Each structure stands twice: as structure tokens, then as C-alpha cells.
Amino acid sequence: MKDIHYHARFGSPRNVITYDFTHDYQIDLIMMGATGKSTAERILVGSVASFVNSHAPCDVMIVRTNLDNEPIK
């Protein structure tokens with residue numbers, strides 16, 4: 001994989017990831033981690049990963065790990 005880039009921007013993570021990056025670059029895949037918010041936090045605040053997964057114009061891969069940064073079985 002030779003075309004991997006990283007960027008830092010300010011603003012709403014939902015809009016920057018979902019709309020700005022996909023508009024400014026030819027993105028085939030968005031890979032992001034799940035935040036691990038509780039159910040109550042997701043209801044009150046919402047999940048960035050969930051929003052991006054639902055609204056991004058490209059594929060989205062959500063990576064989940066446990067506290068030791070190991071894949072969840």
C-alpha cells in the first residue's frame with residue numbers, strides 16, 4: 001500500500017471525516033476506531049463512527065479492540 005496519507009483538521013469530526021476528506025481526496029476506504037462510549041453516551045451525544053458509517057460515500061471499516069488493544073473475539 002503506497003497511497004496512505006494522514007491529515008489533521010479542525011472542526012466537527014463527523015463532517016470533516018464524512019464530507020471534507022471524501023470531497024478533497026479520492027478516498028476508497030475510511031478506517032476508524034470505535035470509541036467505546038456507553039449506551040447512554042451514544043444516545044445523548046451520538047457516535048461519530050456510526051454517523052460516518054451511515055453517511056460516507058465510500059466504504060467504512062470500524063475497528064474494535066479491547067483495553068489491551070487486541071481484537072475482540
Side-chain angles (χ1 to χ4, degrees):
M1 293 188 217
K2 59 183 176 181
D3 293 332
I4 296 176
H5 305 276
Y6 62 91
H7 306 270
R9 290 195 187 179
F10 295 98
S12 166
R14 293 175 178 208
N15 293 330
V16 170
I17 295 168
T18 304
Y19 303 118
D20 296 349
F21 279 150
T22 56
H23 180 263
D24 295 346
Y25 305 96
Q26 289 185 317
I27 294 178
D28 297 324
L29 174 68
I30 297 171
M31 183 186 302
M32 60 189 309
T35 62
K37 290 182 180 176
S38 69
T39 303
E41 289 174 319
R42 282 194 304 271
I43 291 171
L44 294 173
V45 178
S47 168
V48 173
S50 177
F51 182 88
V52 172
N53 190 41
S54 299
H55 295 90
C58 62
D59 293 331
V60 177
M61 179 186 296
I62 299 173
V63 180
R64 296 182 184 274
T65 60
N66 62 18
L67 294 176
D68 296 322
N69 202 26
E70 298 170 346
I72 296 175
K73 296 178 183 179

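The chain is numbered in sequence order, starting from 1. Please read these numbers as outputs of a predicted model, since none were measured by experiment.
Of all heavy-atom pairs spanning Gly33 and Ala49, the tightest one is O-CB, 4.4 Å. Nearest approach of Val63 to Met31, heavy atoms of both residues: CG2-CG, 3.9 Å.
In this view, Asp59 and Leu29 satisfy the side chain to side chain contact (heavy atoms under 4.5 Å, CB included) rule, not counting sequence neighbours.
Going from atom CD of Gln26 over to atom SG of Cys58 covers 11.5 Å, rounded to the nearest 0.5 Å. In this structure, CG on Asn53 lies 12.0 Å from CD1 on Ile17, to the nearest 0.5 angstrom.
A side chain to side chain contact (heavy atoms under 4.5 Å, CB included) with Val52 is found for one member of Ile62, Val16, Val60 and no other, namely Val60.
Within the structure, every pair that satisfies the salt bridge (Lys or Arg N to Asp or Glu O under 4.0 Å) test and touches residues 23-33, not counting sequence neighbours, is listed here: Arg9-Asp24.
In the hydrophobic clustering, where aliphatic and aromatic side chains (Ile, Leu, Val, Met, Phe, Trp, Tyr) are joined below 4.5 Å either directly or transitively, Phe51 groups with Tyr19.
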